[in-house]
Amino acid sequence: MAGDGSNAKWMGSLPPALRALPLANLAIPGSHDSFSYWVDDKSPVGPDQATAIKRLAKISLVKKLMKKWSVTQNLTFKEQLESGIRYFDLRVSSKPGEAGQEIYFIHGLFGIRVSDGLMEINTFLTHHPTEVVFLDFNHFYAMDKNHHVYLIGRIKEVFGSRLCTKECVENVTLNYLWEKKQQVLIFYHHPIYEENPILWPGNKMPAPWANTTSVHKLLQFLETTLGERAKHGTFHVSQAILTPRVKTIARHLIRGLKNTLVHRNLPLILNWVKSQKPGIMGVNIITSDFVELVDFAASVIALNDLLLEEGKSST
């Protein structure tokens, strides 16, 4: 199942009718806090955390417990890509006090260097020239203009001609990208995107967030926000994730996110996924925590078959 490579080439295997559809109309699996499979409990707590947490984290046990709540994925980028994940939710930060402009992934604790993660993704794309990824840089911490310039430079250096420049969303089909040999769309939620044709604005990738521990509220929210989805001009992320509150974490400190919220509710979330339809008013990108615990990616990819059936019935 997870990371076994069975979905490594799913985009390349889509039938011609689907290759001609805008990517905004296809069902695409994504991961939430995609990089958090490794976080460093020996480094300082990240600037994305409240002051109270930073104080508490001076106790080493607290940091070990934080790790259980910071980790939302078990698979590396390579394993996620092989399992079929094509959208990555990325939060990044400099390390305050560190010399130079190096940027790291962050979720409470620091993860790996961003450039190492990008190189891992690029290696996969080299081996799978028909696959396309969405990299959504949506949270930046402790970064000034120089940090952004450094990060954008690394993105260009790693992916080069694979980067897809800003374009009308409806024009972006697999056929269009294959013709140009482009495989990477970068979304950058910071005004500096305006200076770079390879950066897509964050508003082209809305990802409404339910911010709830209740699976029923989550599913209701996903339905409502799908109904409000823009008909044209943007992609759309359905975040099928539950978010722990401070009291959830306090009550289940030792158990961590996976054992407290995810395991129990994933089957219900997966049922919702399986009942969806892609298309203009349907789902586009769906993200989840711990994507390997159920056949999440395969279930999302399978939704694209519905578009084929629809095509047959309308001819």
Side-chain angles (χ1 to χ4, degrees), residues 30-58 60-81 85 87-96 98 102-118 120-121 134-143 147 151 187-190 202 205 207 209-213 237 239-246 248-250 252-263 266 285 287-293 296:
S31 56
H32 168 243
D33 280 319
S34 309
F35 49 84
S36 64
Y37 52 86
W38 185 84
V39 291
D40 184 2
D41 57 13
K42 293 184 176 55
S43 78
V45 172
D48 60 338
Q49 292 301 300
T51 315
I53 303 251
K54 287 181 189 163
R55 282 201 199 110
L56 267 176
K58 291 195 167 79
S60 66
L61 173 67
V62 170
K63 256 201 240 171
K64 287 193 166 53
L65 295 172
M66 260 187 90
K67 189 169 180 171
K68 292 192 171 195
W69 291 92
S70 291
V71 170
T72 65
Q73 302 298 337
N74 288 327
L75 303 184
T76 64
F77 282 132
K78 178 176 184 275
E79 290 166 337
Q80 288 181 49
L81 285 158
I85 299 297
Y87 164 93
F88 294 89
D89 160 34
L90 307 174
R91 295 132 199 254
V92 299
S93 177
S94 72
K95 270 190 189 169
E98 185 179 85
E102 198 57 73
I103 305 296
Y104 299 82
F105 293 117
I106 190 161
H107 188 221
L109 297 165
F110 285 99
I112 63 171
R113 292 191 316 177
V114 173
S115 49
D116 293 341
L118 299 182
E120 194 178 333
I121 292 169
F134 299 82
L135 304 184
D136 190 2
F137 288 87
N138 50 49
H139 286 68
F140 302 96
Y141 299 97
M143 286 175 64
H147 289 112
L151 175 57
F187 295 81
Y188 209 85
H189 298 238
H190 184 278
M205 187 59 84
W209 175 42
N211 192 12
T212 180
T213 53
V237 182
Q239 295 201 66
I241 58 161
L242 294 167
T243 306
R245 305 209 179 295
V246 172
T248 319
I249 297 176
H252 305 282
L253 203 51
I254 311 293
R255 296 182 68 203
L257 177 70
K258 184 163 65 170
N259 296 329
T260 306
L261 281 182
V262 180
H263 259 310
L266 258 184
I285 293 160
T287 60
S288 172
D289 289 322
F290 299 109
V291 292
E292 81 294 341
L293 292 181
F296 171 74

Quick one: do Q73 and V291 satisfy side chain to side chain contact (heavy atoms under 4.5 Å, CB included)? Show the steps, please. CA-CA 7 Å; Q73 302 298 337; V291 292; 3.7 Å; yes
Can you list the steps and then say if I241 with T72 is a side chain to side chain contact (heavy atoms under 4.5 Å, CB included)? CA-CA 10 Å; I241 58 161; T72 65; over 6 Å; no
Tell me, with the steps shown, if L109 and Y104 meet side chain to side chain contact (heavy atoms under 4.5 Å, CB included). CA-CA 10 Å; L109 297 165; Y104 299 82; over 6 Å; no
Could you walk me through whether D33 and F105 pass the side chain to side chain contact (heavy atoms under 4.5 Å, CB included) test, one step at a time? CA-CA 9 Å; D33 280 319; F105 293 117; over 6 Å; no
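The shortest non-hydrogen separation linking V71 to F290 is O-CZ, 3.2 Å.
Remark: L151 CG to L90 CG distance equals 9.5 Å, nearest 0.5 Å. Taken from NE2 in H32 to CZ in R91, the straight-line distance is 4.5 Å, to the nearest 0.5 Å. Separating the CZ atom in F296 from the OG atom in S288 is a distance of 5.0 Å, to the nearest 0.5 Å. Interatomic distance, NZ of K64 versus CG of D41, reported as 5.0 Å (0.5 Å rounding).
Using cut-offs of 30° and 60° on the angle between ring planes, the pair Y188 and F137 is tilted. Taking the six-membered ring where tryptophan is involved, the planes of Y87 and F134 are tilted, since the angle between them lies from 30° to 60°.
For the pair S93 (side chain) and I106 (backbone), a donor-acceptor distance under 3.5 Å is absent. Judged by distance alone, the side chain of T287 and the main-chain N or O of G30 form no donor-acceptor pair under 3.5 Å. Side chain of Q49 to main chain of G46: no donor-acceptor pair is present (N/O by atom type, distance under 3.5 Å, no hydrogens or angles). With hydrogens and angles ignored, the 3.5 Å screen pairs a side-chain donor or acceptor of S34 with a backbone N or O of D89.
A side-chain N or O of Q80 and one of S31 form a donor-acceptor pair less than 3.5 Å apart.
Among residue pairs with one or both ends in residues 103-114, those qualifying as salt bridge (charged side-chain N to carboxylate O under 4.0 Å, His left out) are E102-R113, R113-D116; sequence neighbours excluded.
Aromatic pair F77/Y37: centroids less than 6.0 angstrom apart.
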